[in-house]
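Bear in mind the structure is a predicted one, so any value in this text is a computation, not a measurement. Letters A, B, ... mirror the listed sequences (proteins, then strands); counts begin at 1.
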Amino acid sequence: MTPTPAARIADLRRQLEDANYRYHVLDEPSIPDAEYDRLLRALDELEAAHPELVTADSPTQRVGNAPAGKFAEVRHAIPMLSLGNAFSDEEVQDFVRRIADKLKRPALRFSAEPKLDGLAISLRYENGAFVQGATRGDGATGEDVTLNLRTIKAIPLALRGTGWPAVLEVRGEVYMPRADFEKYNEHARKHGGKVLANPRNGAAGSLRQLDPRITAQRPLAFFAYGTGLVEGGELPDSHSATLKQLRGWGFPVSSLSDVVEGVDGLLGYYQRIGEARDGLPFDIDGVVYKLDDGEGQREMGFVSRAPRWAIAHKFPAQEQMTVLESIEVNVGRTGAVTPWALMQPVHVGGVTVTRATLHNADQVARLDVRNGDTVIVRRAGDVIPEVVGVVPERRPAGTVPWQMPTQCPVCGSEIVREEGEAVWRCSGELTCPAQRKESIIHFASRRAMDIEGLGERFVEDLSDLDFVQNVADLYKLTVDDLLEMKRRVDERDGTTPLALTKSGVKAGKVATKWAENLIEAIDRSRQTTLERFLFGLGIQHVGESTAKALAQWFGDLQLIRRLPWPLFKRVPDIGGEVARSLGHFLDQPGNQQAIDDLLARGVVIGDTHPPSGKLRATLDLATLLVDLEIPKVTRVRAEQLASAFPSVQALLDAPVHNFVTAGLPSDSANAFAAWLEDEANAQLLSRSGAALDDLLQLTPEEIASATGPLDGKTVVLTGGLAAMSRDEAGEKLEALGAKVAGSVSKKTHLVVAGEAAGSKLAKAQELGIEIWDEAQLLAFLEKHA
DNA sequence: GATCCTCGAGTTCA
DNA sequence: CTCGAGGATC
């Protein structure tokens with residue numbers, strides 16, 4: 001008797017799932033790939049003939065074919081935590097000691113496993129069926145990538161065995177095995193497909209494909225390493241037993257997982273895995289230790305967003321050797337000429353590196369790197385490549401030490417160095433195209449005017465083709481200008497313009513949309529704040545925080561524009577150098593013209609307000625005289641002068657001997673008189689006096705800004721927050737009166753530590769500073785909203 | 001004048 | 001993230 005179609009379908013499915021399980025979970029392939037494909041085709045044909053028998057968990061149903069518009073957000077029922085990091089044996093010892101102290105148990109068992117360099121995900125099973133999968137996202141909310149995850153054969157669509165909870169969330173890592181990654185790229189190179197940068201990015205990029213059919217072609221794999229929500233059932237009360245159970249239910253679990261005891265066990269494991277690292281079929285960046293028993297885990301609990309019972313022990317930053325082809329230089333926004341190394345491509349920590357900064361001429365001299373040297377490259381903080389040193393034995397004969405060029409490679413102006421400074425600068429200022437370009441990029445950047453879509457590449461073209469000479473020109477641009485620019489860029493590069501490859505009106509329309517969007521983004525940026533505007537101007541020494549202070553103290557661009565530089569020193573943290581730099585900028589007619597142009601072309605500063613009340617308190621003649629930095633006129637002398645003369649005008653009119661009668665010793669009096677003889681100084685004093693009077697005229701309607709619960713407190717934010725960005729949190733804290741600083745010192749009153757907080761948190765602990773986790777911060781903000 | 005904090009500026013790759 | 005240097009403080 002022939003079996004019914006339903007029975008044959010069930011049989012094929014069982015065979016296929018079994019083959020999957022043996023291949024991915026047990027790592028013991030049971031049937032050849034060709035046989036697997038044959039069974040799958042047979043099943044597909046049967047199901048096509050009997051559509052009523054198709055179920056969601058059938059092996060044929062892994063690849064959906066309805067590309068979704070975008071990913072939905074998924075809120076994790078239990079947040080996906082991150083782990084604390086250890087980089088040294090000492091830190092591992094500390095970790096173990098903390099647990100031993102708290103649990104009062106000498107012998108501790110740990111579950112240890114390799115830390116895969118992939119993408120963390122969460123899989124949700126209801127009644128044994130895979131229903132949803134999400135990326136980690138920020139830990140609290142991820143993206144729904146269910147359709148893509150279904151295409152990964154290592155992820156079971158239905159749980160095997162019995163006894164699983166009604167709801168089970170499994171956490172693990174999606175990764176791309178090295179060999180498959182190589183094979184995939186080889187194929188892609190031959191057939192003109194997309195070549196992936198490295199396995200990690202390959203895995204991340206594949207999961208974020210909107211079309212699951214593309215994901216299905218990527219060689220992705222999966223390892224489970226933990227669980228999230230569990231309802232209607234129970235898991236074993238130790239990590240190692242849980243992993244074993246997950247394996248039984250059909251999840252691949254790393255066979256390198258092990259249970260070890262005490263610090264020695266952990267360090268031994270670290271060593272073993274470190275030695276095996278290069279031979280492993282996948283990339284890892286360390287190992288993870290977890291306290292094995294559930295009771296101990298619960299007792300240890302969590303610190304901010306990481307468990308106190310687990311830690312990631314990272315391998316040291318990878319170093320590689322390569323050959324330095326040449327030392328080139330870059331010209332920055334301020335004219336700073338920085339050397340960088342152009343090297344033969346080398347793989348370091350997962351990416352191919354060809355360039356690395358050399359910081360400045362002193363650094364090059366310290367390292368004595370020369371063209372043709374074999375150098376050692378490291379990725380500092382696992383991101384930015386740096387040259388750590390040279391291999392002297394490999395130096396070719398006849399090399400000479402590198403020297404800073406004498407002329408700017410872009411504009412030909414002389415490159416000069418200020419006495420005692422480390423940086424060399426191109427003296428071309430705004431005549432140098434490189435400086436102009438960089439200043440426009442800065443102006444458009446997110447933290448300044450935030451012109452969306454106006455990135456480096458664009459500004460480069462706009463600037464090279466002379467569509468934009470300065471920041472004000474951005475607000476003259478039209479859609480037609482942009483299209484014309486694009487046309488000329490295409491012509492220059494010999495690329496075929498998109499509009500010509502397709503015929504008809506439609507293609508033309510598609511090709512103008514970007515220009516319209518960009519013009520719109522430029523338009524949106526017209527509405528801005530004083531802080532952003534000042535920062536955007538790119539004045540030397542005026543960064544974000546100085547711009548913010550200036551905005552708060554003076555409140556009005558027009559006021560700032562006409563103040564002489566000594567008055568800027570009234571603002572806390574602004575001294576002579578910064579004040580002079582700002583004054584110098586405002587003294588340039590070209591800069592004032594550019595500001596006028598910006599305002600004339602519709603830039604609106606929305607938050608103009610009267611000067612801060614704190615400013616008034618510091619406005620007196622004596623302070624002004626000190627701020628003018630007159631030789632031999634100290635605080636004491638300035639006060640004598642201020643009490644003897646009613647006004648600046650009186651000072652200007654007075655003969656020298658009047659300074660003496662005011663009580664000044666003759667050398668001070670003479671120095672002051674000599675200083676005044678310089679017309680520029682006399683004018684500066686006169687202008688400053690007028691500005692002082694001007695400010696004192698202001699009605700005292702503006703008192704020091706309202707007080708908040710954090711008035712006078714210095715707060716430092718570190719690590720990532722789930723509910724908001726660090727910037728947002730900073731703004732909220734500032735609104736409550738706090739000063740938000742960037743680094744921890746003994747002046748810090750409070751540190752807010754988010755997830756994966758690093759050295760700053762450690763320093764805060766060391767200094768005994770109050771530390772909040774995100775929950776405490778949120779509660780506080782809530783209370784004082 | 002020395003010392004300690006902070007801020008500014010530049011940086012890589014996808 | 002890192003270096004250098006400006007500002008505040010003693």
Side-chain angles (χ1 to χ4, degrees), chain A residues 119 194-206 208 317 328-343 345-364 366-367 377-388 417-425 434-435 438-439 441-442 445 447-448 455-457 534-535 537-550 568-582 627 629 714-716 718 739-749 758-760 763 767:
Chain A
L119 197 73
K194 176 159 173 49
V195 177
L196 307 173
N198 60 53
R200 206 208 91 82
N201 290 0
S206 301
R208 298 205 73 261
E328 311 278 335
V329 296
N330 240 347
V331 182
R333 159 168 68 88
T334 62
V337 180
T338 45
W340 54 275
L342 177 64
M343 301 166 297
V346 61
H347 278 280
V348 192
V351 297
T352 309
V353 169
T354 53
R355 19 166 77 202
T357 178
L358 292 166
H359 297 296
N360 56 46
D362 292 349
Q363 172 83 356
V364 179
R366 235 186 336 264
L367 297 169
V377 190
R378 170 174 73 193
R379 293 221 298 154
D382 258 1
V383 189
I384 296 171
E386 66 177 0
V387 172
V388 241
R417 163 143 81 168
E418 287 276 312
E419 188 75 35
E421 282 215 327
V423 284
W424 292 76
R425 290 180 200 279
Q435 292 187 50
E438 295 295 329
S439 65
I441 291 170
H442 171 77
S445 68
R447 309 194 79 107
E456 212 159 312
R457 288 298 300 278
L534 286 173
F535 176 55
L537 291 175
I539 303 159
Q540 222 183 111
H541 296 125
V542 179
E544 254 186 311
S545 120
T546 306
K548 178 183 265 175
L550 284 164
F568 297 131
K569 296 214 296 186
R570 299 296 85 235
V571 182
D573 294 332
I574 293 186
E577 202 67 31
V578 178
R580 254 191 300 272
S581 166
L582 175 55
D627 285 349
E629 298 175 11
T714 302
V715 183
V716 173
T718 179
K739 182 171 152 81
V740 178
S743 61
V744 178
S745 72
K746 61 184 175 203
K747 287 188 188 164
T748 309
H749 298 102
S759 63
K760 288 181 201 170
K763 181 142 188 215
L767 294 170

J.: In B/S/- notation, 5' to 3', how is nucleotides 4-11 of chain B contacted by protein heavy atoms closer than 4.0 Å?
T.: -SBSSSSB
J.: Go through the structure and list residues passing ring-ring contact (aromatic ring centres under 6.0 Å, His included) with A:His442, not counting sequence neighbours.
T.: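 Testing A:His442 for ring-ring contact (aromatic ring centres under 6.0 Å, His included), a comparison that skips the adjacent residues, returns A:Phe535.
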J.: With A:Gln363, which residues qualify under side chain to side chain contact (heavy atoms under 4.5 Å, CB included), at least two apart?
T.: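 A:Gln363 satisfies side chain to side chain contact (heavy atoms under 4.5 Å, CB included) with A:His359, A:Asn360, A:Arg366, A:Leu367 only.
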J.: Looking at A:Ser581 and A:Gln540, would you say the former's side chain and the latter's main chain have a donor-acceptor pair under 3.5 Å?
T.: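 Yes; at least one donor-acceptor contact below 3.5 Å.
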J.: Could you walk me through whether A:Val578 and A:Val571 pass the side chain to side chain contact (heavy atoms under 4.5 Å, CB included) test, one step at a time?
T.: CA-CA 11 Å; A:Val578 178; A:Val571 182; over 6 Å; no
J.: Would you mind reading off the distance between A:Gln363 atom CD and C:dA5 atom C1', rounded to a whole angstrom?
T.: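 One finds 17 Å between C1' of C:dA5 and CD of A:Gln363, rounded.
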J.: Quick one: does A:Arg447's side chain have a donor or acceptor within less than 3.5 Å of a partner on A:Glu544's backbone?
T.: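 Looks like no, no N/O pair under 3.5 Å.
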J.: Rounded to whole Å, please give me the gap between CG in A:Leu367 and P in C:dT2.
T.: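 Result: 15 Å.
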J.: In this structure, how many angstroms lie between the P atom of B:dA14 and the CD atom of A:Glu456, rounded?
T.: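 Nearest whole value for this atom pair: 15 Å.
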J.: Base, sugar-phosphate, or nothing for A:Gly576, non-hydrogen atoms under 4.0 angstrom?
T.: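 Since only primed, P, OP1 and OP2 atoms lie under 4.0 Å of A:Gly576, the category is sugar-phosphate.
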J.: Heavy-atom count check: over 12 atoms from other residues, nucleotides or ligands less than 6.0 Å from A:Arg208 CZ?
T.: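 No, not enclosed.
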